[in-house]
Structures are given as C-alpha cells and as structure tokens.
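Treat the numbers as computed from the prediction; the structure is a model and nothing was measured. For the numbers below, each heavy atom of this structure counts, side chains included, while hydrogens, waters and symmetry mates do not. Counting convention: from 1, in listed order, for ligands and their atoms alike.
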Amino acid sequence: MDIFKQMVISSLLLTQIISVQNASAQNILPCDKAATTETQILYSNMQKLAQKSVIFGHQDDLAYGVGWAYQNGRSDVKSVAGAYPGVYGWELGRLELDSARNLDGVPFKNIISYVKTVYGRGGINEFSWHFDDPVTGATAWSTPTTTVNQIIPGGEHHQAYVEYLDKFARFDNQLKGPKGEMIPVIFRPLHEHTGGWFWWGNKECTPEEYIALWRFTVDYLRNTKKLHNLIIGYSAAGYQTEQEYLERYPGDNYVDIIGFDAYMDKDADYFKKDLNNRYQILEKVAASHHKLPALTETGYIMIPDPTWWTKVLLPALKQYKTAYVLTWRNWKQEHYFAPFPGQASASDFKKFYADPKMIFQNKLHASIYTKKL
Ligand code: BMA
C-alpha cells in the first residue's frame with residue numbers, strides 16, 4: 001500500500017475513533033434498552049449538563065426543614081438561595097411494610113405529589129430505600145450475615161424480597177405525568193454497600209451475593225414489572241482503590257449513574273483528601289465504563305464551618321465531573337445538612353448557589369424530559 005493511501009486510511013480511522021469517543025462521552029444510552037423516551041432524554045441531558053455543570057440536590061427538600069413541616073412551596077434551600085434545588089431526594093423506607101408514611105414520617109401520598117410537582121418544573125427526582133431486613137424484620141441498620149443469601153433467587157426467603165419489589169412497582173406506577181407517561185426517576189437501591197452498617201453491606205454478604213441481589217432487583221423491575229422509567233444509581237460508601245470500588249459492581253447493563261456518599265466529620269483535611277481520592281477513582285471508572293458520575297450524598301452535619309460550601313465542597317465539584325450532588329435532609333436543629341435562614345453557612349451558600357458551575361431549579365425547564373440539549 002502506498003504511503004498516501006495509508007495516510008488516508010489512518011486519518012479515516014482516527015475520525016471514526018474520535019466520533020465513537022464523542023458518542024460515548026456524550027450520549028450513553030440508559031442500561032434499560034426499553035427505557036421510555038422521557039427517561040432516555042433526561043439521561044442524555046444529564047450527561048450534557050454534566051460536561052460543564054453540577055446540579056444541586058437536597059433530600060426531602062419540599063417536605064420539611066428545620067422548624068417546619070408540610071408547608072406548601074416551602075424549602076430551606078429556596079429560603080436561603082432564592083431557588084429550589086434541581087435534584088430532589090426521597091426516601092422509600094417502610095414502603096415495604098405498606099406503611100402510609102416512610103421511616104422519617106413523610107406520607108407516601110405527599111411524596112407522589114412532590115414527584116409530580118418537581119417533574120412539572122423540570123427538576124429531577126431520586127429515591128433511596130432504607131428497607132427493613134426481609135428475613136428478620138429488623139431495620140436497614142441491622143447486620144445479619146445471612147439475609148442477602150436467603151433472599152436472592154433460590155434463597156429460602158426470596159419471595160419476601162419479591163414482595164418488596166412488587167410494592168415498589170405499585171408505587172412507581174403511580175408516578176405519572178399529565179399525559180399518563182411514566183415520570184423518569186433515579187433509583188438508587190442497596191447504597192453504601194462498601195460499608196458494613198446495612199444488612200446488604202460488605203460485612204453482611206459476599207460480592208457474589210450482593211451482585212446477585214442487585215441484578216435480580218433490576219431484572220425483576222425491568223423485565224417482570226415492566227418499569228422503564230428508572231435511571232439506576234450505584235453508590236458506594238468509602239473505598240481506597242478502584243478494585244475495592246468495583247468489587248461489588250453488578251455490571252454495565254445494570255447501572256446508569258455511579259457515585260459515592262461522603263460526609264465530612266470535623267476534619268476538613270481528611271475529608272478533602274478522601275474526597276479527592278474517591279473522586280479520582282470514580283472519574284476513571286466512569287470513563288472506562290461509560291457511566292455518569294455523581295456525588296450521591298454529602299454534607300457536614302449542622303455545617304459549623306461558615307465557608308464550607310465555597311471552600312470545601314465547590315473546589316471538589318469544580319475539579320471532578322459530577323452530574324449532581326445531593327445533601328442530606330434538614331430534619332431538626334441537631335440534624336441538618338443544608339442551611340436555613342440565619343444558619344452559620346447561609347451567606348456562603350448564596351455564593352455557592354450563584355457560582356456559574358452550579359445548577360438549581362431556576363436553570364432547569366420541563367423540556368429536560370422532552371428535548372435533547
Ligand atoms: C439517615 C438519617 C436518619 C434517616 C435515614 C433515612 O442518614 O437522616 O434519621 O432515618 O437517613 O432517611
């Protein structure tokens with residue numbers, strides 16, 4: 001082959017490689033091949049936004065805050081920053097018991113209505129599920145070593161877990177938009193599994209058992225219950241190495257968003273170092289597995305550092321690709337993770353909100369579900 005032909009062929013190949021790379025960097029399809037159009041569009045738009053920005057999220061934002069509960073339209077984040085968050089985390093614990101309220105007292109009826117409101121204005125809903133142990137009936141924070149093994153397919157108590165998922169499906173089917181379309185949501189089950197404090201944690205089951213549980217969960221909801229509005233979130237707790245992060249990874253066909261939960265506990269230097277280490281690993285895994293990275297839970301309880309938002313959190317968000325960051329709930333004076341008016345970090349939070357990197361509800365529109373950016 002002459003040198004000219006060779007050059008043409010290699011330049012064509014290069015173009016192909018670049019376009020494949022771009023496609024994988026910008027438009028990864030949901031792992032559910034039958035995801036609804038709205039779900040596909042949302043996931044695509046989240047990827048696009050994540051190239052330059054981070055969406056701010058808050059757990060239970062519309063339900064209650066410090067010193068108030070169930071007041072229409074109220075939100076601690078909005079009271080401080082002037083805008084609602086863009087991601088809204090909700091908790092499903094006790095749905096498995098047919099309870100009218102979740103484990104933090106929020107009526108499921110309200111959650112359904114919040115989800116619809118959020119969808120209507122182009123916010124994004126996310127679910128965690130601190131479910132009770134289906135074998136012993138103890139809480140999520142119990143640490144038996146046999147539960148996961150007993151509820152995976154073939155296990156003696158498998159049916160009890162199937163019933164949990166049936167209840168989730170019944171709930172999920174109520175999340176419908178005005179045209180009857182399913183509202184896309186991020187579903188983040190079995191979280192913080194690299195820690196040992198939940199019954200599905202790394203001290204409580206083997207990697208094979210955890211992976212079997214995860215795959216069954218997703219396959220059952222997708223194939224048997226025909227739920228196609230789920231963007232699946234995989235979120236670890238602490239880890240030191242890539243190997244540790246991936247030890248229980250269920251595979252690319254079972255995950256859309258990958259992330260971790262990281263809370264600061266007084267020692268800012270340690271937190272920053274650990275956050276950097278975890279982010280570096282996450283970035284690498286996200287790139288090689290073509291998944292969307294997120295900081296799925298974070299916070300500094302009672303935020304005693306008045307510049308935590310701009311001096312600790314924001315620098316990390318500026319350094320590492322993050323689709324969204326979700327701070328935990330504002331329950332009471334001794335347990336909150338976002339500021340409220342008068343709180344020590346409130347004015348810093350306004351600066352954090354105003355930073356061009358950050359996206360709150362006011363920068364999102366309902367078309368996030370219908371039109372690709
Ligand atoms: C924890 C705390 C608990 C709560 C649980 C589930 O981190 O906020 O009070 O019950 O999350 O929301």
Visitor: Which residue pairs satisfy the salt bridge (Lys or Arg N to Asp or Glu O under 4.0 Å) criterion with at least one member in residues 340-364, sequence neighbours excluded?
Guide: Lys318-Asp355
Visitor: So that I can tick it off, tell me whether Arg188 and Glu297 are bridged by a salt bridge, with the cut-off set at under 4.0 angstrom between side-chain N and carboxylate O.
Guide: yes
Visitor: Taking the six-membered ring for Trp, are the ring centroids of Phe337 and Tyr263 within less than 6.0 Å of each other?
Guide: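 So the answer is yes for these two rings.
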Visitor: Classify the ring geometry of Trp214 against Tyr234: parallel below 30°, tilted from 30° to 60°, perpendicular beyond 60°.
Guide: perpendicular
Visitor: Who pairs with Lys116 by salt bridge (Lys or Arg N to Asp or Glu O under 4.0 Å), at least two apart in sequence or on another chain?
Guide: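 Applying salt bridge (Lys or Arg N to Asp or Glu O under 4.0 Å) to Lys116 gives none.
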Visitor: Return a table of donor-acceptor pairs under 3.5 angstrom between the side chains of residues 279-287 and protein atoms on other chains or two or more places apart.
Guide:
from, atom 1, to, atom 2, distance (Å)
Tyr279, OH, Thr322, OG1, 2.8
Gln280, NE2, Tyr320, OH, 3.3
Lys284, NZ, Glu242, OE1, 2.7

Visitor: Can you tell me which residues line ligand 1 if we count any heavy atom under 4.0 angstrom from one of its atoms, in chain and number order?
Guide: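 The answer is Glu91, Asp104, His130, Trp141, Trp328, Arg329, Trp331, His335, counting any residue whose heavy atom sits under 4.0 Å from ligand 1.
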